Amino acid sequence: MSPPKATLDASLAALRTVVDDGAASLPSSLADEAEALLRQAEARRSRSPDHTVVGVFGATGSGKSSLVNALVGDEVAKAHVRRPTTSQALAVTWDAPGAADLLDWLQIRERVERTQPIDPRAGKLVLVDLPDVDSVEAGNRAIAERLAGQVDALLWVVDPQKYADDVLHAQFIAPHARHAAVTIVALNQVDLLSPADRRPVVASLQGIIERDGLPRARVLPVSARTGEGVEALRIAIGDLAASKAVRDARLAADVQTLAARLDDPGSAPKLDSRAAQRVRDEVGAAAGVDVVAAAVASSYRKRAAQVTGWPLVSWIGRLRADPLTRLGLGPRRRGAGAEDDPDVHRTSMPLLSAGARARLSLAVRSFADTAGSGLGAPWRAAVRTAAEGALDRLPADLDLAIARTSLPARGSWWWAVVGVVQWVALVAGIGGALWLLGASLLPTFGMPAPLIPRVEEGPLKGWAVPVLLIVAAVLLGVLLGLLSAALSALTAAGRRRRTRRRLLAAVDEVVQREVVAPVAAELDRARSVSAALAVARR
C-alpha cells in the first residue's frame, strides 16, 4: 500500500534534516545523492501532479518497443528492421499539452500523442519507451539509468531467453527493491514457450524477482506478437495510473532506498555531569586554579602578619612581594587605565607549560571520547573535532576568566583592632623603657631622677612598674602575634577554598562554552540525524 502524502512530506523533511545536520559526517557522494534526490522530488512534485509516468525498461531483444505498440494499439514505437534498437526515449502521451513541462524536465524530446487511453482508468498517462539497459552505447544506457530514477512507475520487460540477465537484475531491478508498489514485470514473448515450459519459466522469474527484493512485484506473461496478456498488462498499468499516490510512492521509495544506505550515527547518550565536572577540574588544575588559590591564602597571611604581628619584627614581611601581585591579581588602582578593565586585563601567570598543555589536551579529548563512545566512527571523530577546536582558545580564555574573577583578597576587620592593641602595647613598653632610662641617666646630668614606683602587694610585689610595662608589652605583642597568626591561617584556608570554588566556577563557564556546548551540539546533531533516518526509512 502506497504511503500517504503526509508520510512523503515527513520523509522528505527527515532526509533534509539528515543532509543539513549530518553533512559533515556523511560521505560526500551520499550527501550529493541526497541533495539531488531532494531537488528531484521538489521538481517532480511541482510538475503535472495528475500525470503518471510509466517507464518501459528492458534488455536488448526483450521486445519493449513492440510491447509499447501493442499496449497503445498502434505502431508508435518503431521496431524490427526500421528501428532495431531504441536510441532515444519516446513518450506516448495522453493530454500532451498538460505533460509538456514534465517531459521537458525529463528531457524527453520524442513525443507521440494519443487520445484513446489504453485503459479507462489510465487517465493522464505518459508511457515512455526507453533505450536498452544493456546497450553497448554508453549514451543510450545513461538515458535508461537517468530515467529509471525519475519516472513514477517502472515496467520491466524481459524475454524467455534473457529473463535472468545479470545486468538487468543486479544493476537495475535489485537497486529498486523498495519500489515494488510501483513496479510491474512483464515476461514478453511467451508465445515462444511451450505450454509445459510457460509455468516453470514464470515461476523461475518470480523467484528471481523475489531474490531481487521485490516479492510483491507483479509478474505478467505477455506476447506483443499475439496479444496474449496485453489486456491484463493494460489493466495493471491502469491500476497504477488510477492511483494518485503512485508519484509519491515512487519518491517515498527513493527516500527509503537512499536512507537505507546511510549509516545510523549510533547511540548518543546524554552528557554525564560527572564527566563534565572531571574535565572542569582537570582544566582548572592545568590553568593554575590551585596556584591562584594558594596565592590568595599566602597573600592573606602575609598582610595579616604585617598588620597584626609584633611591630618590632612585622616590618620584615614587607620585604617580600605579595604573591597575588606577582601573579598580576593584586588589588588594582581605580583610574589606572585599560589594565584595570577586567575584560582586557591579563594575569601575570606564566604561560602553560608543556605538561599543563598536555594535561589540558588529554582532559578535553578524554571528555569528547567518553561523550561519543556510543557513536559510529565518523560521528565520534566529529565530536572530538568539536572539542579539540577549543584547545587553541582555552589558555587565553582561562587566563581572562581568572583575571575577571573577584578574589576574596580584602583584609579582615579584626586586623585593625589587633594592630591598635599592638601599637598601644609597643608604646607602653617604650614608655617603660624610657622611664627606666630616665631614672638611670638624668642624675648624671644633675637632674632629679623620676620616681619608680613598685608593686607593694600580690604576686608581683617588689616589681618596678616600668619593668612590668616592658614585660607586659613584649608578652602581649608576642601573644597577639601568635594568636593572629593562628587565626589568619584558619581564615586563609577558608579564603583558599572560597577562591578555588570561584575560580572553578569561572573555569566551568569557559569549559561549558568552549568544550561542553560544542560536544553537546554534535550529540544533538547525531540524535537529530538518527531520528530523521528512522523516519526516512519507514
Side-chain angles (χ1 to χ4, degrees), residues 8-43 149 175 178 251-273 275-276 278-280 282-283 357 360-398 508-538:
L8 175 60
D9 289 338
S11 297
L12 292 173
L15 186 59
R16 170 52 63 190
T17 297
V18 171
V19 172
D20 291 344
D21 291 350
S25 302
L26 292 177
S28 58
S29 58
L30 290 179
D32 292 342
E33 283 189 47
E35 280 285 3
L37 176 55
L38 289 168
R39 290 193 300 270
Q40 176 179 315
E42 181 181 1
R178 295 178 182 269
L251 293 174
D254 288 341
V255 172
Q256 292 168 1
T257 300
L258 180 58
R261 295 167 57 199
L262 299 175
D263 292 331
D264 191 281
S267 175
K270 291 184 178 180
L271 283 176
D272 186 356
S273 59
R278 284 195 299 271
V279 71
R280 180 207 65 181
E282 289 294 320
V283 170
R357 284 186 173 273
L360 186 71
S361 176
L362 179 61
V364 170
R365 289 188 171 96
S366 296
F367 172 74
D369 291 344
T370 300
S373 59
L375 300 175
W379 293 88
R380 287 199 307 272
V383 170
R384 174 175 268 220
T385 299
E388 289 176 340
L391 291 177
D392 291 336
R393 300 187 299 271
L394 276 177
D397 288 351
L398 291 169
D508 189 58
E509 289 184 8
V510 175
V511 170
Q512 289 290 333
R513 181 181 70 248
E514 300 292 344
V515 179
V516 176
V519 167
E522 287 299 318
L523 295 179
D524 288 343
R525 193 167 65 87
R527 294 188 194 97
S528 174
V529 170
S530 183
L533 272 178
V535 173
R537 290 171 175 175
R538 286 205 297 264

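None of these values were measured; they are calculated from a predicted model.
- The two atoms that bring Ala387 and Val364 nearest to each other are O-CG1, 3.5 Å, heavy atoms only.
- Under a 3.5 Å cut-off, the side chain of Arg39 and the backbone N or O of Ala34 do not form any donor-acceptor pair.
- A search for salt bridge (charged side-chain N to carboxylate O under 4.0 Å, His left out) contacts involving Arg393 returns Glu514, not counting sequence neighbours.
- A donor-acceptor pair is defined here as one N or O able to donate and one able to accept, closer than 3.5 Å; no such pair exists between the side chain of Arg280 and the backbone of Val511.
- No more than 12 heavy atoms of other residues, nucleotides or ligands shown are found within 6.0 angstrom of CD on Glu42.
- Proximity of Val519 to Val516: side-chain heavy atoms (C-beta onward) are nowhere separated by under 4.5 Å.
- Shortest non-hydrogen contact noted between Leu533 and Asp264 is CD1-CA, 3.8 Å.
- Ion pairing of Arg16 with Glu35 is present here, as a side-chain N (NZ or NE/NH1/NH2) and a carboxylate O approach within less than 4.0 Å.
- Using modelled atom types, no side-chain atom of Ser530 and backbone atom of Ala526 make a donor-acceptor pair closer than 3.5 Å.
- A pairwise comparison of heavy atoms in Val279 and Ala363 identifies CG2-O, 3.5 Å as the closest pair.
- No donor-acceptor pair closer than 3.5 Å links the side chain of Gln512 to the backbone N or O of Ala517.
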Assess the residue pair Leu15 and Leu38 against the criterion (side-chain contact (heavy atoms from CB on, under 4.5 Å)); give the C-alpha distance rounded to whole Å, side-chain angles, the decisive distance to 0.1 Å, and a yes or no. CA-CA 8 Å; Leu15 186 59; Leu38 289 168; 3.9 Å; yes

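- Heavy-atom minimum distance, Val383 versus Gly372: CG1-N, 4.4 Å.
- Nearest heavy-atom pair, Ser373 versus Thr370, reported as atom, atom and distance to 0.1 Å: OG-O, 3.1 Å.
- In this structure, the side chains of Leu30 and Glu33 come closer than 4.5 Å at one or more pairs of heavy atoms.
- In this structure, Leu523 CG and Leu375 CG are separated by 6.0 Å, a value rounded to the nearest 0.5 Å.
- With rounding to the nearest 0.5 angstrom, the CD atom of Glu509 is 11.5 Å from the CG atom of Leu398.
- Atom CG of Asp272 sits about 6.0 Å away from atom CZ of Arg278, to the nearest 0.5 Å.
- Between Leu262 and Leu26 the shortest side-chain heavy-atom distance falls below 4.5 Å.
- Evaluation of the side chain to side chain donor-acceptor pair (under 3.5 Å) rule for Ser25 yields Arg525 as partners, not counting sequence neighbours.
- Taking CG of Leu37 as the start and CG of Asp32 as the end, the distance is 12.5 Å to the nearest 0.5 Å.
- For the pair Trp379 and Asp263, the minimum side-chain heavy-atom distance is 4.5 Å or more.
- Between Ser528 and Asp21, the shortest heavy-atom contact is OG-OD2, 2.8 Å.
- Looking only at side-chain heavy atoms (C-beta outward), Asp254 and Gln40 come within less than 4.5 Å of each other.
- Here Arg178 contributes atom CZ and Arg537 contributes atom CZ; the two are 8.0 Å apart, rounded to the nearest 0.5 Å.
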